[in-house]
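Structure, as structure tokens:
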Amino acid sequence: MKIDIILDPTHTTDEFLELGLIAERLGFNAVLTANYPSAIDPFINFSILAKETEKIKLGPVAISPFETHPLKLSNLLYGLNQLSKGRAKIFIGGGGGTLISMGLKNNRREMHPNMVQGVKECVDFLKQLSPETEINFNQEVFQINGPKPQWIDQQRPEIFIAASKPKMLSMAAETADGIMMSDVPLVRIDECMEIINDSLKHSRRDRGSISISNLFSWHVKSNRKEAISEARKKLFVRGMLENWYISKFLDEDECKIIENNLHEFAMAYANNSDVIEGVPDHIIEKLIDKLTFTGLTNDVDQFTDELIQFKNAGLDEFAIRLYEKPEESMKLIADKVLPYL
């Protein structure tokens, strides 16, 4: 199983370059970064990193076609692919915080109209581009026409879909080069793989034609208090704490407590605070245990075992989201985790 590293998008370009070089030197499959509404555009950071690296893959997680039109996205993506000599990798999703900032949806749980169809069309468009063919793409959501993109290379980038729920998973299995789930716990992974495999069979696609990944956050430190504090601050974005993610390991009353206090999780995230009012610590501990890799550096064997379980369930790749002191985390993962995967 290959391991991708997701860096925080708030790093400066110099910091991002340094961390990307470390990731390549340590042998990771890809360096990725989140697509935030108030951060340096990921394609700027990746363009700089592409010129200084040779092997590691590069790409943003995740970009919505409703925030960046597929035509302009194709220029960015294929431009990065050319700069990196075929190492570009992108994850197309329905859209999160950026869409909210743009006034295109009200909250993180609200789905953009035509989300599944729009994502599918975006991927179809990106995959069918050719320097030999004029752009003539007219479907339900997007109508795109233009001259031949003669500048693009024949070798196209890897195009993943960010998906965790049944409709998106099923569509992604029929359409994309890969799928990245997000925060899907081990207790849910088998049912997700069943949906993917059924869709592959229905569309007559070979399992080897698609890569399956999942995303987890990494809060592993030499100080347990610091590790737990960081995990608490970021819990809000772990699957938006939707019932589907948590109901396998929390009872009905505990799930209601989470839902009734969702605003408190959101405030903790927005303020970078580990204080979550109204939610008992034992519930938060369960969330951290099932939805993140959190603990001491001495616990790393436990997280390696969990990754092996994900691998045995059928995953080909895994994306690990880093926060504070990413260089220390990368070195720990490279030393103590990669050799077993």
Side-chain angles (χ1 to χ4, degrees), residues 1-4 6 29-30 32 34 59 61-62 64 89-96 108-109 111-112 115-120 122-123 158-218 235-250 255 258 286-293 303-321 341:
M1 184 164 67
K2 301 173 183 177
I3 299 295
D4 295 348
I6 305 180
N29 178 59
L32 314 172
V61 182
S64 168
K89 181 176 184 178
I90 195 169
F91 300 81
I92 307 298
R108 286 180 175 267
R109 287 190 177 179
M111 299 296 104
H112 190 280
M115 181 187 75
V116 176
Q117 180 65 22
V119 169
K120 179 184 184 303
C122 180
V123 173
E158 288 185 271
I159 302 170
F160 279 58
I161 289 177
S164 299
K165 299 294 185 62
K167 288 184 180 180
M168 284 284 278
L169 283 176
S170 182
M171 178 274 290
E174 296 178 359
T175 306
D177 299 322
I179 298 170
M180 179 189 280
M181 295 173 275
S182 181
D183 309 302
V184 175
L186 274 167
V187 290
R188 284 284 187 192
I189 203 69
D190 285 343
E191 65 188 83
C192 291
M193 292 303 300
E194 183 177 358
I195 292 168
I196 292 168
N197 289 327
D198 286 347
S199 185
L200 288 171
K201 183 178 180 179
H202 180 265
S203 58
R204 298 184 179 180
R205 288 190 72 184
D206 182 78
R207 174 63 181 84
S209 67
I210 189 169
S211 294
I212 312 299
S213 183
N214 190 22
L215 181 161
F216 254 44
S217 62
W218 181 268
L235 268 177
F236 176 61
V237 290
R238 305 279 71 87
M240 299 298 107
L241 300 177
E242 290 186 29
N243 190 71
W244 182 85
Y245 288 89
I246 65 177
S247 59
K248 282 283 189 175
F249 56 86
L250 296 183
C255 289
I258 298 295
K286 289 182 183 179
L287 293 174
I288 291 174
D289 180 58
K290 298 297 184 181
L291 297 177
T292 74
F293 296 134
F303 309 127
T304 302
D305 289 342
E306 289 182 39
L307 282 164
I308 291 171
Q309 290 181 65
F310 278 113
K311 177 182 178 180
N312 292 340
L315 269 64
D316 309 293
E317 304 180 8
F318 209 95
I320 298 180
R321 174 64 160 95
L341 299 176

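At a threshold of 4.0 Å, the pair Asp316-Arg207 counts as salt-bridged, since one of the basic side-chain nitrogens sits closer than that to a carboxylate oxygen.
When atom types are taken as modelled, the side chain of Ser170 and the backbone of Pro166 share no donor-acceptor pair closer than 3.5 angstrom. With hydrogens and angles disregarded, a donor-acceptor distance shorter than 3.5 Å links the side chain of Arg188 to the backbone of Trp244. Side-chain N or O atoms of Ser64 include one that pairs as donor or acceptor with a backbone N or O of Gly94 at under 3.5 Å.
Between Met168 and Ile179 the shortest side-chain heavy-atom distance does not fall below 4.5 Å. Counting heavy atoms from C-beta outward, Lys286 and Ile246 have side chains that stay 4.5 Å or more apart. Phe160 has its side chain within reach of Glu317: a pair of non-hydrogen atoms, C-beta onward, lies under 4.5 Å apart. Taking 4.5 Å as the limit, every side-chain heavy atom of Asp4 sits out of range of all side-chain heavy atoms of Val61. Using a 4.5 Å cut-off on side-chain heavy atoms (C-beta onward), Leu169 and Cys192 make contact. Between Ile90 and Ile159, some side-chain heavy-atom pair lies under the 4.5 Å cut-off. Two residues are said to be in side-chain contact when any heavy atoms from C-beta on lie closer than 4.5 Å; Leu291 and Phe249 meet this criterion. In this structure the side chain of Arg238 reaches within 4.5 angstrom of the side chain of Leu215, judged on heavy atoms.
Across every non-hydrogen atom of Asp183 and Gly239, the tightest pair is OD2-N, 3.0 Å.
Within a 6.0 Å radius of NZ in Lys165, more than 12 heavy atoms belonging to other residues, nucleotides or ligands are found. Enclosure of atom NZ in Lys2 is not indicated, since only 12 or fewer non-hydrogen atoms of other residues, nucleotides or ligands lie within 6.0 angstrom. For Glu191, the CD atom sits in a packed shell: over 12 heavy atoms of surrounding residues, nucleotides or ligands are nearer than 6.0 Å.
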task: Take Phe318 and Leu341, measure what side-chain contact (heavy atoms from CB on, under 4.5 Å) needs, and give me the verdict at the end.
output: CA-CA 10 Å; Phe318 209 95; Leu341 299 176; over 6 Å; no
- request: Before giving the answer on side-chain contact (heavy atoms from CB on, under 4.5 Å), spell out for Phe293 and Leu307 the whole-Å C-alpha distance, their side-chain angles and the decisive distance to 0.1 Å.
  value: CA-CA 10 Å; Phe293 296 134; Leu307 282 164; 3.9 Å; yes
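Taking the six-membered ring wherever Trp is involved, the centroid distance between the rings of Phe303 and Phe216 does not fall below 6.0 Å.
Side-chain atoms of Thr175 and Arg205 form no donor-acceptor pair, as typed in the model, at a separation below 3.5 Å.
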